[in-house]
Structures are given as C-alpha cells and as structure tokens.
Amino acid sequence: MIRGLLGLLLLLVMGGALAAPPAVARIVQAEAVRSGWEAQTPPLQGWEPVTLADQWQTRWPDHDGVVWYRLRWQQGDAGEPTGLLLDYTCMAAAVYLNGSLIDRDPSLVEPLSRSWHVPRYYLLQSPLLRQGENELLVRVSGLAAYQPSFGVVDVGDAAVLQARYRQEVRVRHDLQLLDTAIGFVLAGVIGLFWLLRRKEAMYGWYALSAVFGRMYDTNFVATSPWPFTTTDGWQAFIAGCYVVAAAAHTVFLLRFSERRWPRFERVLMGLAAVAMAAALLWPQWMGPHRNLYLVPLIAFLYVVSFTFMGYALRSGRRDAQVLALCIVLPILVSLHDLGVYMGWYGGVSYLGSFTSPLMLLGMGFVLAYRFANTMKRVEGFNAELRHEVQQATSQLSETLNAQHALELAHSRAGERLQLVRDLHDGFGGTLVGAIARLEQAPQEMPRSKVIELLREMRDDLRLVIDSTAREHADLAEMLVPLRHRASTLLEAGGIDTYWHLQDLHGVELGASRSLDLLRLMQEALTNAFKHARATRVDITLRRDGDRLQLQIDDDGIGLPASVQGSATGGAGMASMQLRARRMGGDLQVGPADDRNGTRVQLELALAR
C-alpha cells in the first residue's frame, strides 16, 4: 500500500512538471541584415536567417558597421511582467521592442561604446509588451576584426532572468573589476618591496608584469575607448600591454628560477617596447591584426609556464613548487578564455578573474617563505656571531690579563730601577761627596762638620723615601716633610721662611716628577741657606689651570753677575736645570724684582 501511494505521488509530481509551461524561453532563431554606420532603420530587403549566438564576421568578413537582428516570440499574457535578457551584444547596441526604443548605448558609431562585457536585462510590461506576437529589433554596431556578434535571447519569468542577469554581471564585470583591483594592489605591494630591496630584481619584474597585465584587464570593464579616439587605438594599446606583461612575466620566472640570461632578457624587453611603440604609432594596423603577434605570444607563454613547472618539480624548492601550483589552474582557465577570445565556441564569459586570488596567495607565500628563510639565516648568523664574540671576548680577556700582569711587572721593575737611579744620583752623589770631603778634611775634623754631612745624607735619603713610598699621594702631602726640614734648617740659620701654597689639592705628578720637584726645591733652599746671606725666604707653589708654578725669593746678596740669567753657574744650578728638563718645565734663575736677592722660577704642565 505504501509503495502504491509513493508511486501515485511520483506520477502526480511528474505530471505537474510536464504540464507546467517553461518559466523561461530561449530564442536562438533570428534574421539579420547589414547596413551602414548612419542607418537609423533597417533595410527592407536582404534579411537572412541566422542561429544565435551569431558572429557576423564569419558571414560578412570585411563588414565594419551595423547589423540588424530581428526575432519574434509569442506572449501569452501581456499583463504579466516579463523579463527579457540579451546575453551578448558586441560592440554597441540599440534595442527596440515592437517599434519602441527601450535601450541605446551612448555611441553607436566610432568611437564605439564598449558594452560587450555585460548582458542587458529589461522588465517588460503592457502596453509595450503585447499579447500574441512581439518583435525585438537589435541594432549592433561593431568592427569585423573584433568578433562583432549578437548572443541568445531569453524571455520569461522576471525573477529568474533578473537573478541570472545579476549572476552574469557578477562574473563578467564585478569579478573582473575585483581582479583588476587586486592585481594593482599586489603589483603595488611587490613594487614597494622591490623599491626597498633593489637587488631583488625578481620582484620588480613581477610588479611590472602585474601592472601591464592589469592594464590589459581593463579591457573587460572599460565602457569606452577613452583616451583613444578609435576602437583600433584602444585594442592596439591593450594588446601592447599584454605583450609587455608577457615579456616581464617571462623575465620574472627566469629570475625566480635563478637564471640570468641578460641578452635574452634585453631582446625580449626590446621586442615588447617595439610592440608598444607600434601600437601607439600605428593603431590602425596593430589593433585589427593583433592576433598575428598575440597568438604566438600566448603559445610562448604556455611553453614558459610549463618549463617553469618542470623546473619547480626538479629543484625541490618549496617556494617554486607552491608558485608553480598556483600557476597550474590559471593556465587551464586561460585555455577556456583563449577559446572564448578566438570564438571557438559560443561562450562569452572570461574566467581568468577567478584565478587572481591564487596568484595573490602564491606570491604571498613566496614573500613569507623567503622572509622566514632570511630570518633563519639571520638567527643562525646571530648565534654564530655571539659564539665568535664570546670567543673573542675570552681571548681578549686573557690577553688583557696577561698584558696587565706584564705591565705590572714592568711597572715594578721601573719603580725599582727609578729607586736605584734616585739612590745613585741623589743619595749616592751625596755619599760620594761626603766621603771626598772627609778624605780631604784635616785629621781632626770638627764634630759639627761630620754631623752636617750626615744630616745632608739623611735629608737626601728621606726625599727618596718620601717620593717613592707614596704612589698616589697629593703633592701637598709630599711637601710636608720637606717643608718641615727646610723650615727647621732655615730658622736655625736665622732665616724667616714663608710658604704660600695655592690650589694644590688633588695635584699628582707621579713619583719621578715629584722627586725631581722636591730635589729642585731642596737645592734652591739649600743655596739660600748656604750662599745668599738672606734673612727671609718666600716659597710660592700654586696651580694655574693645567700648569704648576713655583717661585722661591730670598733677600740675600743675589747671584754673581756671571751667573745671572743662565742658571748654569755651578753644579747645583746644573742639577736644578737637569731636573727641570726631566719634568718638562721651564726654569729661570735671576734677581728678585725691585730688591736684592735671588728668584728661582719654574713652570711646568701638570699632565705629561
């Protein structure tokens, strides 16, 4: 019983389907007649039956101008809104229904409007739509070189045809427009990448290819040949763009495959430049005869693309394989578009726009893949650099430690050597002099003389000890012992001593220079004590910027005339001059200003 009910239900459904009239009727039979550009009405004679879709260059190969198409259909109910869909009109058209104009492109003569890439949809109603027979007359303007034609006509359910119209507009116009926009954006991004890294010329070639390729794609959305004044000018220009894009794409694949063929690249781009120049200079030939150079170029592109795919498979490079995979589908789709372009079958939709996201994905992967590999190399280089820096740092530390130890040993040796020299030059000389004086003295030398000699030797030894025992002592601190001993000595001889020390805090001359300065001052004060017959001695030592100034004045009898200004009057003077030179200073010995006595002046730099 259940089976019987199901069978009855199936029969009812099938019967209803068979009884229902079709929602949309397709008209493929029409009549056609040709006329001149300026014809406003079709000729009365010469109509020929044609099957739609019709390309008139197969019937009238050299006809540039207008072809009128006439077709009829029977309308059951004129009060019911009816949709009318014209699938294809190339290049421009005017549409009449029952003698009334319902649509017209802006320019039906050169320069022709370009409305071939979108269908035409109309909502027909009474009284324009008649019950019974209705006549549709379409005036198509075109040029034989660019596949002028008229497609099929659909009449029927308005909602169905409107939905089909929107779908066709989306595929044949909107997606083409989106494809062009995506292409220009991708070309801009890749072009900026090339501008920032000029040595990556591969990206520059891709950007050039994408720019001219998208300029060629504007052919699918342009509604007029502007800025060109003829259809030939526009067709020649976009054909030239295709040639440049193909040449740049070939160089891009070569560079991507790490092949450098400079001579071949120059020839290829030279031919592309010649083609573009010829398209701009001789559009009347380059436009209509574009297939003579575009068809071989398309075949060349197929060879290049399949060669690159083979390279990608052999190379094992992941980025090349992904890019080759993204090229496979566009190649297959291009075969369909080539058939539409050549008129091998009745299709009117170009599907290349569906493949642009694949190229966007492919180039995005290439950039990301190369960036990731670059970062890996940078990270590896950083790790290697850190290792090398650590090794160099370790070696430098060892070298510096060894150098420091060596310098420390040299410093100690130098200090010992300096101490030996000081003992030899200073205390040794005093000791030798004392021995000589004792040898030359009378047998019974007074005890006071012996004590004086011993005190001189003691003072000299103290200078050596004071200057070497303190490695980093201030000059003011080192002056304290000398000041005490010299003041005691001078006061014992009835000589008043006045010390003037200014800004000496923090002044360090080093052991050797400090010793030379102290010996020079000791020699000058000893001379004042022994020879000057002075009653007053003024010692001034001060810092003036980066200079140290010493001045010792006494009010004694002064220097002999033969000695004044020379500072070379005797052994003491020569010793003082020698020490001044070792310190890098300038020593002057002469009379004191405006009074009797002697002045000793020394000026030297604090740093050497």
Side-chain angles (χ1 to χ4, degrees), residues 422 426 459-460 462-556 558-559 564-565 567 572-573 575-608:
D422 288 336
D459 293 342
D460 200 276
R462 282 180 175 174
L463 279 179
V464 175
I465 294 172
D466 291 341
S467 60
T468 56
R470 303 179 182 181
E471 185 175 356
H472 298 290
D474 287 348
L475 180 59
E477 296 179 8
M478 301 183 71
L479 283 173
V480 172
L482 175 65
R483 179 176 178 180
H484 174 72
R485 292 194 299 270
S487 298
T488 302
L489 175 64
L490 294 173
E491 289 174 0
I495 303 174
D496 295 329
T497 308
Y498 298 92
W499 292 81
H500 309 280
L501 307 180
Q502 300 177 14
D503 298 329
L504 297 183
H505 180 71
V507 175
E508 294 185 8
L509 298 179
S512 178
R513 298 179 76 198
S514 297
L515 180 59
D516 282 331
L517 179 62
L518 295 177
R519 286 187 181 279
L520 188 147
M521 295 177 66
Q522 181 186 34
E523 183 67 28
L525 294 173
T526 301
N527 288 339
F529 174 74
K530 290 182 177 180
H531 309 297
R533 302 178 191 173
T535 61
R536 176 188 175 107
V537 175
D538 290 273
I539 304 101
T540 303
L541 184 62
R542 65 188 183 93
R543 176 172 59 182
D544 184 11
D546 60 348
R547 310 287 292 178
L548 185 67
Q549 297 176 347
L550 170 67
Q551 181 173 307
I552 301 176
D553 292 328
D554 65 61
D555 60 352
L559 294 173
Q564 291 183 9
M573 292 295 182
S575 175
M576 292 168 62
Q577 190 71 25
L578 176 62
R579 294 183 187 281
R581 285 198 300 269
R582 284 197 308 208
M583 287 185 288
D586 180 29
L587 178 66
Q588 298 292 331
V589 181
D593 294 339
D594 301 329
R595 59 188 177 91
N596 295 329
T598 304
R599 171 171 291 176
V600 177
Q601 286 183 310
L602 173 68
E603 184 172 349
L604 57 98
L606 291 175
R608 285 186 61 180

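The minimum heavy-atom distance linking His505 with Arg543 is given by the pair O-NH2, 3.6 Å. Here the closest heavy-atom approach between residue Ala528 and residue Val537 is recorded as CB-CG2, 4.1 Å. Minimum interatomic distance between Thr497 and Ser487 (heavy atoms only, all atoms of both residues): CG2-OG, 4.0 Å.
A salt bridge between Arg599 and Asp553 is present, with a side-chain N of the basic residue lying under 4.0 Å from a carboxylate O of the acidic one.
Note: Leu606 CG to Arg513 CZ = 7.5 Å, rounded to the nearest 0.5 Å. Atoms CD and CG, on Gln588 and Leu602 in that order, are 10.0 Å from each other to the nearest 0.5 Å. Separation of atoms CD (Gln502) and CD (Gln549) is listed at 9.5 Å; rounding is to 0.5 Å. Rounded to the nearest 0.5 Å, atoms CZ (Arg579) and CG (Leu587) are 12.0 Å apart. One distance of note links CE of Met521 with CE of Met576; it measures 10.5 Å at 0.5 Å rounding. Between atom CD1 of residue Ile495 and atom CG of residue Leu525 there is a gap of 9.5 Å, rounded to the nearest 0.5 Å.
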(request) Step by step, work out the side-chain contact (heavy atoms from CB on, under 4.5 Å) result for Leu479 and Leu518. (result) CA-CA 8 Å; Leu479 283 173; Leu518 295 177; 3.6 Å; yes
(request) Would you sort out whether Asn527 and Val600 count as a side-chain contact (heavy atoms from CB on, under 4.5 Å), showing the intermediate values? (result) CA-CA 11 Å; Asn527 288 339; Val600 177; over 6 Å; no
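Side chain of Asp554 to main chain of Thr598: a donor-acceptor pair is present (N/O by atom type, distance under 3.5 Å, no hydrogens or angles). Listed for the Asp555 side chain is a donor-acceptor partner under 3.5 Å among the backbone atoms of Thr535.
Considering only heavy atoms from C-beta on, Asp503 stays 4.5 Å or farther from Arg542 through its side chain.
Only one option out of Leu578, Ile552, Leu550 pairs with Leu520 in a side-chain contact (heavy atoms from CB on, under 4.5 Å); it is Leu550. Applying side-chain contact (heavy atoms from CB on, under 4.5 Å) to Arg483 and the options Leu501, Ile539, Leu541 leaves one that passes, Leu501.
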